[in-house]
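Notes to accompany the following structure.
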Amino acid sequence: MSDPAVARRDVVFALLADPVRRRILELLADGQPHTASTCAKAVGKRLDAALKHLVALRDAAVVASTPDPSDARRQRYTLRPETVVRTSENGQREMDFGCAVLRMENRAP
């Protein structure tokens with residue numbers, strides 16, 4: 001019998017191993033919903049590549065998708081509420097997955 005916590009940890013580590021997925025997660029950490037097109041542009045990838053990563057993140061229950069109210073053919077992506085985004089004591093933004101913490105680069109506005 002497999003331990004669900006170990007399986008979850010393996011999934012999260014595999015997701016975080018990919019630099020494109022980390023950049024998408026950092027984009028979604030702003031708390032705003034983003035379309036696949038917005039994500040693709042932000043990470044410098046084609047739409048189909050960005051969608052592949054967004055689907056993997058959604059299937060791993062890290063990202064949620066909802067229909068775009070302005071165009072129901074599109075989806076908007078956000079982090080799931082279980083993924084905590086916070087600012088550390090030294091001012092660095094962090095994303096907590098329970099089994100791993102992703103420390104994000106501080107970017108100039």
Side-chain angles (χ1 to χ4, degrees):
M1 182 165 69
S2 178
D3 181 352
V6 171
R8 175 72 180 155
R9 183 186 66 213
D10 291 346
V11 167
V12 169
F13 287 172
L15 293 173
L16 296 178
D18 188 290
V20 173
R21 291 185 185 146
R22 286 193 310 268
R23 291 197 319 259
I24 290 172
L25 289 169
E26 288 177 357
L27 173 67
L28 296 177
D30 70 3
Q32 300 300 312
H34 293 276
T35 63
S37 297
T38 303
C39 292
K41 184 176 179 182
V43 300
K45 295 292 179 184
R46 292 187 353 210
L47 179 59
D48 59 333
L51 276 168
K52 177 187 87 165
H53 291 293
L54 286 163
V55 167
L57 291 165
R58 186 187 64 206
D59 289 350
V62 173
V63 167
S65 63
T66 56
D68 186 334
S70 64
D71 183 352
R73 295 171 297 173
R74 293 188 304 186
Q75 295 288 308
R76 296 187 327 169
Y77 296 88
T78 57
L79 289 177
R80 291 181 54 94
E82 299 85 13
T83 305
V84 177
V85 178
R86 63 179 177 252
T87 303
S88 68
E89 291 178 10
N90 66 357
Q92 187 174 26
R93 289 177 22 127
E94 301 175 336
M95 192 177 305
D96 190 341
F97 296 93
C99 60
V101 175
L102 174 63
R103 290 184 177 87
M104 297 175 268
E105 291 183 27
N106 291 327
R107 299 180 193 250

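Computed from a predicted model, the values in this text were never measured in an experiment.
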message: Quick check: closest heavy atoms across Ala56 and Leu15, and the distance to 0.1 Å?
response: O-CD2, 4.1 Å

message: Could you work out, with side chain to side chain donor-acceptor pair (under 3.5 Å) as the rule, every residue matching Thr83, not counting sequence neighbours?
response: none

query: How long is the gap from OG1 on Thr66 to CZ on Arg74, to the nearest 0.5 Å?
result: 11.5 Å

message: Side chains of Gln32 and His34, heavy atoms from C-beta outward: is any pair under 4.5 Å?
response: yes

- line: Closest non-hydrogen atoms of Ile24 and Ala50, given as atom of the first, atom of the second and distance, are CD1-O, 4.3 Å

Main-chain N/O of Leu16 paired to Arg22 side chain as donor or acceptor, under 3.5 Å: yes

Leu25 and Val63, any side-chain heavy atoms less than 4.5 Å apart: yes

field: For Thr38, side chain to side chain donor-acceptor pair (under 3.5 Å) partners two or more places apart
entry: Thr35

query: With sequence neighbours left out, what residues match Ser88 under side chain to side chain contact (heavy atoms under 4.5 Å, CB included)?
result: Asn90, Gln92, Glu94

message: Going by side-chain hydrogen bond (donor to acceptor under 3.5 Å, both in side chains), name the pairs with one or both residues in residues 10-21, residues two or more places apart or in two chains.
response: Arg21-His53

- request: Taking all heavy atoms of Thr87 and all of Arg93, pick out the closest pair and write down the distance.
  value: OG1-CG, 4.0 Å

Side chain to side chain donor-acceptor pair (under 3.5 Å) involving Arg9 - partner list, sequence neighbours excluded: none

Nearest atoms (heavy-atom pairs only) where Phe13 meets Ala100: CE2-CB, 3.5 Å

- prompt: Shared ILVMFWY cluster between Val55 and Leu28, side chains joined below 4.5 angstrom?
  reply: no

- prompt: Below 4.5 Å, heavy atoms only, C-beta onward: do Gln75 and Leu54 meet side chain to side chain?
  reply: no

message: Going by the rule side chain to side chain contact (heavy atoms under 4.5 Å, CB included), which residues pair with Leu51 if we only count those two or more places apart in sequence or in a different chain?
response: Ala36, Leu47, Tyr77

statement: Across all chains, not counting sequence neighbours, the side chain to side chain contact (heavy atoms under 4.5 Å, CB included) partners of Glu89 are none

task: Applying salt bridge (charged side-chain N to carboxylate O under 4.0 Å, His left out), name anything that partners Arg8, two or more places apart in sequence or on another chain.
output: none

message: Among residues at least two apart in sequence or on other chains, which ones pass side chain to side chain contact (heavy atoms under 4.5 Å, CB included) with Ala42?
response: Leu27

message: Once salt bridge (charged side-chain N to carboxylate O under 4.0 Å, His left out) is applied, do any residues pair with Glu82, and if so which ones, sequence neighbours excluded?
response: Arg80

- prompt: Please, which pairs that meet salt bridge (Lys or Arg N to Asp or Glu O under 4.0 Å) have at least one residue in residues 50-59, sequence neighbours excluded?
  reply: none

